[in-house]
Amino acid sequence: MSYRPVPDYHMHTPRCNHATGCVTEYADAAVKAGLTELGMSDHSPMPGDYDKAWRMGHHELNDYIREVEHAREKYADQLTIRLGIEADFHPGTETYVMEMIETHPWDYVIGSVHYIGDWGFDNPDTIQIWDTWKIEDAYCAYFKLVQQSAESGLFNIIGHPDLIKKFGHRPPSDSKAVNDAIEMMLQAVKKADVTLEISSAGLRKPVGEIYPQTRIVKRAAELGITFSFGSDAHSPVEVGHAMDDCLAQLESFGVTEVASFKKRQRTMIPIQRTA
Ligand SMILES: [Zn+2]
Ligand SMILES: [Zn+2]
């Protein structure tokens with residue numbers, strides 16, 4: 001199945017210290033892949049330059065915004081470029097994040113959970129900490145944080161909504177605790193009217209699966225939750241990666257449109273098959 005390309009809203013720049021490619025290179029890749037809309041969403045700074053090896057410093061924010069705005073002008077007749085940011089939901093940093101959001105002209109803000117307490121659970125450097133956790137407990141803690149990120153009202157999009165599975169750690173599929181945590185998270189997403197990201201990045205990780213897993217997509221679709229697409233590209237060659245697979249999955253659960261954001265206002269774009 002192939003589809004008319006939809007916006008890809010999740011990509012990074014070298015400011016986060018683990019991506020390559022400037023904004024114009026991402027834009028070139030998007031044009032080449034037939035996209036008409038792209039959104040940059042580099043990792044936001046954190047207070048006190050927390051975990052700065054994996055994100056831009058506060059002093060780099062304005063430079064990032066300028067680079068995106070410059071590319072937006074340059075590509076105006078070929079591609080719509082949105083200014084986004086991938087912010088962290090990490091309890092205790094909400095005031096800083098809110099201020100960072102309110103003082104810059106974002107088209108959308110992705111809220112992502114990358115930490116349980118001070119553990120960066122998706123960081124390969126601290127993968128051994130998994131051995132100290134019962135997998136079920138890690139999943140429950142993670143989904144509770146995602147639920148709180150939706151309830152915070154800070155974000156437009158929930159990033160890679162089951163990132164906790166990245167390295168392939170799986171709780172029993174009949175775990176009531178995990179299933180309840182997922183349901184509560186989705187109810188919060190629905191209530192807050194936040195958009196859920198469907199991300200192809202998991203296909204490139206040990207888990208080898210789209211974020212979020214099929215049954216979360218299915219339940220979210222039942223609840224009428226909206227979706228946006230993100231490749232989480234850390235290099236221009238990843239722009240639009242496996243978009244068709246993600247759109248096919250959405251379509252199989254009756255989802256007919258995906259989200260686009262301008263100045264933090266959402267509009268919906270139809271999913272259209274081309275073959
Ligand atoms: Zn992320
Ligand atoms: Zn990302």
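The residues of the chain are indexed from 1 along the displayed sequence. Just so it is clear, the model here is predicted, and its values are computed rather than measured. In listed order, ligands and their atoms are each counted from 1.
Note on ring orientation: taking the six-membered ring where Trp is involved, the planes of Tyr64 and Trp106 are tilted (angle from 30° to 60°).
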Practice task
List the steps and the verdict of side-chain contact (heavy atoms from CB on, under 4.5 Å) for Glu197 and Tyr9.
Solution key: CA-CA 9 Å; Glu197 178 182 67; Tyr9 269 2; 5.7 Å; no

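The distance cut-off of 2.8 Å around the Zn ion (ligand 1) captures these protein N, O or S atoms, sorted by chain and number: Glu86 OE2, His114 NE2, His160 NE2.
Of all heavy-atom pairs between Glu136 and Pro172, the closest is CG-CD, 4.1 Å. A pairwise comparison of heavy atoms in Thr36 and Leu79 identifies C-CD1, 3.5 Å as the closest pair.
When Tyr142, Phe89, Tyr50 are each tested for a ring pair (Phe, Tyr, Trp, His ring centres under 6.0 Å) with Tyr115, only one passes: Tyr50.
In this structure, Asp51 has no salt bridge (charged side-chain N to carboxylate O under 4.0 Å, His left out) partners at least two apart in sequence or on a different chain.
Taking 2.8 Å as the threshold, His12 counts as a candidate ligand of the Zn ion (ligand 2), since one of its N, O or S atoms lies below it.
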